[in-house]
Amino acid sequence: MARQNTVFKEAYNRYAVALRTDTALPSEPEIAAQLGVSRSTARAILTRLSEEGIIRWNKRQKTVLRQPTDRDLFPSEETDSLHDIIERSFMQRILADDAAPGMQINELELAREIGTGTTSVREFLIRFSRFGLIEKRPNSHWTLKGFTREFALELADVREMFELHSAAEFGRLSRDNQAWIDLAAMRDEHLAMLGDINERFKDFSVLDERFHLLIHRASKNRFIADFYDAIAIIFHYHYQWNKTAARERNERAIHEHLDYIAALDSGDQAAIEKACRVHLRSARQTLLQSLPQIAESA
């Protein structure tokens, strides 16, 4: 039940922030497909939106009365999965100002900090260790090997190879593929965030992760999907490492995403590759600039 509740709250937030006043909403099956949830969850989302006075729901007609405010949304601590909570705590620890190569990470301490069992923490660390940032030591200890300039560049190179392939595959999808509906919804979410950028620019990292994951799913390549976990974690958190000009940086990235989405929607492979390369080039620069120890040696 707890897992189902988390799914509902996360999907509710995701759907609510993209709503536009006076627009008509699609059917429950279409909403369910768009969000990747069950029809019962889609109905629960509509029920809450109606109860909160955000939509008017009269049988098959559903109209948006007002745009939701932050008070209408569930807080992040209620929408995060256990994996997300462990990931966030782990990344905050290794990206702290005093974190340095050789720093010890103790499974028990991390589990106590999060309020969960050591098994879940150990499983996460084992899975993450294959990317070379941490190394297992005896007695439930791990050692931080350090996020070096070389690691960042290698990660950016791999991301570029994977995403250029995935973006090309996305452009070749048949027009009846669910991905096109998801892409249209993603465009609406970007526009909604852009319209309220002063208040919502800090939310961009989550949207960024979901956008690129949507593109990578088009590759239908299990190795790309698996390795993207590491890419997503690093590029997701790099937006939080350096707060300098965060609003301007995220606004620029949103515009790049919208250009990217337009290129994907066109199906023009040359335009897709160009938009992809432009955005990934910016992401690489931002990644390097976000870490002081990397920026100093760049």
Side-chain angles (χ1 to χ4, degrees), residues 76-77 80-163 202 204-206 208-209 212-213 216 223-246 249-250 280-298:
S76 60
E77 58 267 22
D80 289 343
S81 66
L82 178 58
H83 178 277
D84 291 335
I85 293 171
I86 295 173
E87 175 188 295
R88 181 171 60 246
S89 181
F90 168 72
M91 293 303 294
Q92 287 173 345
R93 177 172 291 205
I94 71 169
L95 297 174
D97 292 339
D98 57 350
M103 183 186 79
Q104 297 295 304
I105 301 170
N106 183 278
E107 292 175 5
L108 182 58
E109 289 179 2
L110 189 57
R112 284 175 177 170
E113 179 182 307
I114 298 169
T116 188
T118 56
T119 300
S120 298
V121 170
R122 185 179 302 117
E123 289 175 352
F124 173 83
L125 293 173
I126 290 172
R127 192 158 187 266
F128 194 80
S129 66
R130 72 189 191 277
F131 303 115
L133 272 179
I134 58 174
E135 186 174 63
K136 184 75 172 72
R137 295 297 186 188
N139 301 321
S140 301
H141 281 74
W142 297 77
T143 300
L144 178 64
K145 299 180 70 175
F147 192 92
T148 64
R149 174 184 174 83
E150 290 72 23
F151 184 94
L153 291 173
E154 289 172 13
L155 191 68
D157 287 343
V158 172
R159 181 193 192 188
E160 184 173 322
M161 287 189 294
F162 284 176
E163 186 146 341
K202 294 179 181 179
F204 175 69
S205 59
V206 177
D208 179 75
E209 180 180 359
H212 289 284
L213 182 58
H216 280 287
F223 299 104
I224 290 179
D226 186 53
F227 193 76
Y228 186 70
D229 283 350
I231 296 175
I233 289 173
I234 299 301
F235 279 88
H236 170 82
Y237 281 95
H238 88 269
Y239 284 101
Q240 303 173 32
W241 294 340
N242 186 348
K243 303 296 192 297
T244 305
R249 184 177 66 231
N250 291 356
L280 294 183
R281 189 181 306 119
S282 293
R284 177 190 293 255
Q285 293 171 349
T286 303
L287 178 63
L288 294 177
Q289 293 167 357
S290 293
L291 290 177
Q293 66 269 29
I294 291 179
E296 290 171 3
S297 62

#### Entry: Value rounded to 0.5 Å, distance of CZ in Phe124 from CD in Glu107
12.5 Å
### Query
Between atom CH2 of Trp142 and atom CG of Leu110, what is the distance when rounded to the nearest 0.5 Å?
11.5 Å
### Query
What distance do Thr143 atom OG1 and Ile134 atom CD1 have between them, rounded to the nearest 0.5 Å?
9.5 Å
## Note on the structure
Value for CD1 (Ile224) from CE (Met161), rounded to nearest 0.5 Å, stands at 9.5 Å
### Query
What is the distance from atom OG1 of Thr118 to atom CD of Glu123, rounded to the nearest 0.5 Å?
9.5 Å
### Message
For the CZ atom of Arg284 and the CD atom of Glu160, what is their distance to the nearest 0.5 Å?
### Response
6.0 Å
### Query
What do the steps show when you test Gln285 against Arg281 for side chain to side chain contact (heavy atoms under 4.5 Å, CB included), and what is the final call?
CA-CA 6 Å; Gln285 293 171 349; Arg281 189 181 306 119; 4.1 Å; yes
### Message
Atom NZ of residue position Lys136 - does it have more than 12 heavy atoms of other residues, nucleotides or ligands inside 6.0 Å?
### Response
yes
### Task
May I ask you to decide if His141's main-chain N or O and Asn139's side chain share a donor-acceptor pair within less than 3.5 Å?
no
